[in-house]
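Everything on this sheet refers to the single structure shown next.
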Amino acid sequence: DNFVGGTQSTYSEAITCADAVGPVSIENCTVVANFPRGINRRAAGTVSITNSIVWNNGDDDLVGAINLSYSSVGDTNTGTGVIHSDPQFAQGYYLADGSPCTNAGSDSAVNIGLAGLYAQSNSSDALQVDLGYHHLPALSVTNIYVSPSGVDATGTGAAAAPYRSVTKALAMASEHARINIEAGSYTTNCETFPLVLETDGVQLLGTNAATTLIDAKGANKRVMDVSGVSRWAVLSNLTFRGGYLNVAGGNAAGLYLVGTGVRLYDSIIQTNKLLVPSVAPWVGFGAGVFLKDAMPWFERCEFRTNINQSGNAAFGGGVCQHGGSSTFIACRFVGNSAPGGTCYGAALFNGGAVANAVGYGQMRLFNCLIISNSASDRAGGIYAAAAALVSLNNCTLAGNSPHGLYGVADSSVYATNSILWDNGIDATGAITLAYCDIGVAGAAVTTNNCISTDPLFVDQTYCHLQSRR
């Protein structure tokens, strides 16, 4: 009954079983969000996993021959009682109501010795044992409310007496607090920018990204800093916009995520501008988002019209990553730009193993749309620097300029089941494509079972494909 989450290493796993003597038994454990892998049996000993959750661990949850039963895993490993469904974590790593991991274990909670402990936040385990780690106390959650009609000076943060500003709510939030933000604009009239989130487990929950706007326009500051918090922290249904920095060596006008596993859902990062003056160090990193040694998770998020402009060098209009591991699921990158001098990766830039970064920089994209982004030098779509790892599955890159995918010689870039079309040069450099539709590929690109046929998009907003009927 242990939790192993958020660990990060250049080479080893969260749990490495290297002793041939063994055996190793892992029971009712949650191993999640570790990088680069979850559990590895490297030697000849016996490793058994039962009643556990192993999920979202870098490029592999399980490596090696492992006896697996009554567990939830993200990989394709099989065994008695094994499921491959999303565990549906809530409020950090408790199980949500209706999670497929509840009552899915091999025996009763009483017989296993976990009766009375909490895999779910609001219900102790009493029947068939729930999978994964069981917390000792029930989760105590404080709800804080923010509204355009609220008052910071006299409000209490209760639903009937909300605060006016997110700034005030963050200052008052304890661990695992939920900050419920009513639709409206949160600007320099009430906020102090950048907003700062560094209390673990805090969730900022907007009403709807289209109507819940955190807007730093006029502050000449970044919109928000998120530092050191784990994947218990959540930002959802919010728009972060209007950030502006004019500083040499600037990082992020929108969101600056450092050493964090924060999760973002259904949010928009748009119209943030990083302007780098012509003085040393002349470089700007990530107008929309800058990731430094971070392991964030983005799902159904949009990165739109962010600008990273420099007369010398600018990396990442939408997102710039240095070290760590990032995951993007069902995200859209539209109209981001990196104009000026040596400007790479208008939508995404993966800096790989840059100086003072932890790990070698893994970026994973699933079912993402990357369209109409432009850089003055290389890769309107995605640029992978030395030692960077980029993997794309079921993604579309279209209308980006001057390249869709760009991988330098020491990078590792893989795309599967994806479309790369009308990007000037669709892919160039150290890139391997499998089962893709690609228009123009550089000489160094490796293609396996790919086609080169007009995909026949019927729109330029979501790049829907023309029906064959």
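A heavy-atom distance below 4.5 Å is found between the side chains of Q120 and D97. Looking at heavy atoms from C-beta onward, I382 lies out of side-chain contact with F333 at the 4.5 angstrom threshold. You'll find the side chain of M363 reaches within 4.5 Å of the side chain of L348, heavy atoms only. Side chains of T30 and F89 form a contact here, defined as non-hydrogen atoms less than 4.5 Å apart. Contact of the T207 side chain with the I181 side chain is not registered, since no non-hydrogen atoms from C-beta on lie closer than 4.5 Å. You'll find the side chain of V229 stays beyond 4.5 Å of the side chain of V202, heavy atoms only. Looking only at side-chain heavy atoms (C-beta outward), Y94 and N122 stay at 4.5 Å or farther from each other. Residues W421 and S452 are in side-chain contact: their nearest non-hydrogen atoms beyond the backbone lie under 4.5 Å apart.
R178 is linked by a salt bridge (charged side-chain N to carboxylate O under 4.0 Å, His left out) to nothing, counting only residues two or more places apart in sequence or in another chain. The salt bridge (charged side-chain N to carboxylate O under 4.0 Å, His left out) search around R164 returns none, not counting sequence neighbours. Shown here are the salt bridge (charged side-chain N to carboxylate O under 4.0 Å, His left out) partners of D225, two or more places apart in sequence or in another chain: R222. Taking the side chain to side chain contact (heavy atoms under 4.5 Å, CB included) definition, one finds that S174 meets it with T142, sequence neighbours left out. Residues forming a salt bridge (charged side-chain N to carboxylate O under 4.0 Å, His left out) with E302 (at least two apart in sequence, or on another chain): R304, R332.
When atom types are taken as modelled, the side chain of Q270 and the backbone of T239 share no donor-acceptor pair closer than 3.5 angstrom. Remark: side-chain polar atoms of D200 are paired, donor with acceptor, to backbone N or O of S230 under 3.5 angstrom. Formation of a donor-acceptor pair under 3.5 Å by the N57 side chain with backbone atoms of V31 is found in this model. Without hydrogens or angle criteria, N400 side chain to N373 main chain gives a donor-acceptor distance under 3.5 Å. Under a 3.5 Å cut-off, the side chain of T446 and the backbone N or O of T432 do not form any donor-acceptor pair. Listed for the T211 side chain is no donor-acceptor partner under 3.5 Å among the backbone atoms of A183. At distances below 3.5 Å, not a single donor-acceptor pair connects side-chain atoms of N336 with backbone N or O atoms of A346. Between the side chain of S267 and the backbone N or O of Y265, at least one donor-acceptor pair lies under 3.5 Å. Between the side chain of T212 and the backbone N or O of L238 there is no donor-acceptor pair closer than 3.5 Å. Using a distance-only test at 3.5 Å, with no hydrogens or angles considered, no donor-acceptor pair links the side chain of T342 to the main chain of A313.
Listed here is the closest heavy atom pair of A427 and I438: CB-CD1, 3.7 Å. Closest approach of A385 and S411 over heavy atoms only: O-CB, 3.3 Å. Of all heavy-atom pairs spanning D293 and G323, the tightest one is OD1-CA, 4.2 Å. What you find for R378 and H403 is that their closest heavy atoms are CA-ND1, 3.6 Å. Residues A398 and C463 approach most closely at CB-SG, 4.3 Å, considering heavy atoms. For the residue pair I371 and Q460, the shortest heavy atom distance occurs at CD1-O, 3.3 Å.
In this structure, the separation between CG on N272 and CG on L255 is 7.5 Å, given to the nearest 0.5 Å. Taking CZ of R300 as the start and SG of C368 as the end, the distance is 12.0 Å to the nearest 0.5 Å. Atom CG of L205 and atom CD1 of I144 lie 11.0 Å apart (nearest 0.5 Å). One distance of note links CG of D422 with CZ of F457; it measures 8.5 Å at 0.5 Å rounding. The structure places CD1 of I419 at 4.5 Å from OG1 of T396, a figure rounded to the nearest 0.5 Å. Atom-to-atom distance recorded for E191:CD and M224:CE is 10.0 Å, nearest 0.5 angstrom.
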Please step through side-chain hydrogen bond (donor to acceptor under 3.5 Å, both in side chains) for the pair D266 and S236, ending with a clear verdict.
CA-CA 6 Å; D266 302 296; S236 75; over 6 Å; no
_Could you go through L170 and L197, starting from their C-alpha distance and side-chain angles, then the distance that decides it, and tell me whether this counts as side chain to side chain contact (heavy atoms under 4.5 Å, CB included)?_
CA-CA 7 Å; L170 284 167; L197 172 56; 4.1 Å; yes
* To do: Take Y93 and Y133 through the ring pair (Phe, Tyr, Trp, His ring centres under 6.0 Å) test and state the conclusion after the steps.
  => CA-CA 9 Å; Y93 290 105; Y133 176 65; over 10 Å; no
Exercise. For side chain to side chain contact (heavy atoms under 4.5 Å, CB included), just list the numbers for L365 and I370, CA-CA rounded to whole Å, side-chain angles, deciding distance to a tenth of an Å, and then say yes or no.
Key: CA-CA 10 Å; L365 297 100; I370 303 167; 4.1 Å; yes
Between Y186 and V146, is a side chain to side chain contact (heavy atoms under 4.5 Å, CB included) present by the stated rule, with each step listed? CA-CA 10 Å; Y186 299 85; V146 179; 3.6 Å; yes
Walk me through whether H322 and F349 qualify under side chain to side chain contact (heavy atoms under 4.5 Å, CB included).
CA-CA 9 Å; H322 285 178; F349 176 93; 4.2 Å; yes
Given D215 and S185, is the side-chain hydrogen bond (donor to acceptor under 3.5 Å, both in side chains) satisfied, shown in steps? CA-CA 7 Å; D215 192 341; S185 294; over 6 Å; no
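With V413 as the fixed residue, the side-chain contact (heavy atoms from CB on, under 4.5 Å) test singles out one of L433, V408, I431: I431.
Listed by first and then second residue, the ring-ring contact (aromatic ring centres under 6.0 Å, His included) pairs that reach into residues 240-260 are Y256-F290, sequence neighbours excluded.
Between Y383 and Y344, the two ring planes are parallel [angle under 30°; tilted spans 30° to 60°].
In the model, T271 has a side-chain atom that pairs as donor or acceptor with a side-chain atom of T305 under 3.5 Å.
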